[in-house]
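Sequence positions, counted from 1, serve as the residue numbers for this chain. When a ligand or atom number is given, it counts from 1 through the structure's own listing order. Please read all numbers here as calculations on a predicted model, not as lab measurements.
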Amino acid sequence: MGILNVTPDSFSGDGLLEVDELVNRAREMVRDGADVLDVGGESTAYWRPGYQPVPAGEELRRVLPVLERLRAELPGTPISIDTRKPEVAREAVAAGAIWLNDVEGVWDDGSMAEIAAKHGLAFVIMHNRHGSEYRDLVAEVRDELLEAAARAEAHGVPKEHIILDPGLGFGKTGEHNLELLRRLPELTGLGYPVLVGPSRKRFLGRLLGTAEQDRVEGTAAAAAIAIAGGAAAVRVHDVRPIARVVQVADAIVRG
Ligand code: HH2
């Protein structure tokens, strides 16, 4: 999954607001091996102190022109909308998105699941938590993901449309992220495909002492371990190198 951030403030420094540049980046990602493109109009930095939230209208002004161009110019590539707002999800679907990626999916009250059910979308439920206190990290992440999946199914999302994501960096310390990657088989064995998003994240920067744009090798290590741990997909900024890493890791592990 290639990341297309239509934002001025994404943590990784890759955000763009210019539609032509985003479409060119999307083409390149598809050429380099991305199977899905994830378009987001609000940085998940929204939980940081002092962050100015992006109203739905502004988020839509950012993402709709990109979605429309991608639908016209890359018709064979599934497009995902990365949003936590139902009103954005609805319009994004009308503009061609067929995946719904909700970083607050684990807290969904049914509004997102109903949109996913009504339109037959793939629904990514990401784990998230305020604070990073756990008694038993992997068990709690697993149980909260399974509860959210059951709620989505109760709202009509077919089981085979649900994808789970441990939410690296969301209510997790660096150590938590490493443990989730190390113990990923405990999540990938639950009967749902698992998506993992390690790309350029701070836990890699802490280990390597490098800035966001200099974390591709760290992302590669995490992506290979995720694939070896049974992940079905990884969400990344640097598609060209990581698609190659994933291809080889997959061939080694799955034959
Ligand atoms: N991480 C980010 C955003 N969305 N979605 C899923 N399913 N999994 C993730 O790990 C995930 C996500 C944060 O990364 P990015 O989009 O690069 O940054 P920002 O939110 O600052 O734009």
Please indicate whether any nitrogen or oxygen in Glu42 is less than 3.5 Å from any nitrogen or oxygen in ligand 1.
no

Show your working on ring-ring contact (aromatic ring centres under 6.0 Å, His included) between Trp107 and His127 and close with a plain yes or no.
CA-CA 9 Å; Trp107 302 322; His127 185 268; 8.4 Å; no

Ligand 1 atoms in contact with Thr44 (distance to a heavy atom under 4.0 Å)
3 (C), 13 (C), 19 (P), 20 (O), 21 (O)

Asp38 N/O under 3.5 Å from ligand 1 N/O
no

Below the 3.5 angstrom mark, is there an N/O of Phe11, backbone or side chain, next to an N/O of ligand 1?
yes

Worked check of side-chain contact (heavy atoms from CB on, under 4.5 Å) between Asn177 and Lys201
CA-CA 10 Å; Asn177 296 331; Lys201 282 187 178 163; 5.9 Å; no

CG/Asp35: more than 12 non-hydrogen atoms of other groups inside 6.0 Å:
no

Just checking Glu73: does its CD atom have more than 12 heavy atoms from other residues, nucleotides or ligands closer to it than 6.0 angstrom?
yes

Going by distance only, is there an N or O of Thr7 that falls short of 3.5 Å from an N or O of ligand 1?
no

Below 3.5 angstrom, do we get any N/O pair linking Ser10 and ligand 1?
yes

Residues Arg240, Glu28; criterion salt bridge (charged side-chain N to carboxylate O under 4.0 Å, His left out); working and verdict:
CA-CA 8 Å; Arg240 187 181 164 96; Glu28 214 174 288; over 6 Å; no

Validation row, ring centre Tyr134 to ring centre His176 under 6.0 Å
yes

Quick one: does Arg200 get within less than 4.0 Å of ligand 1, heavy atoms only?
no

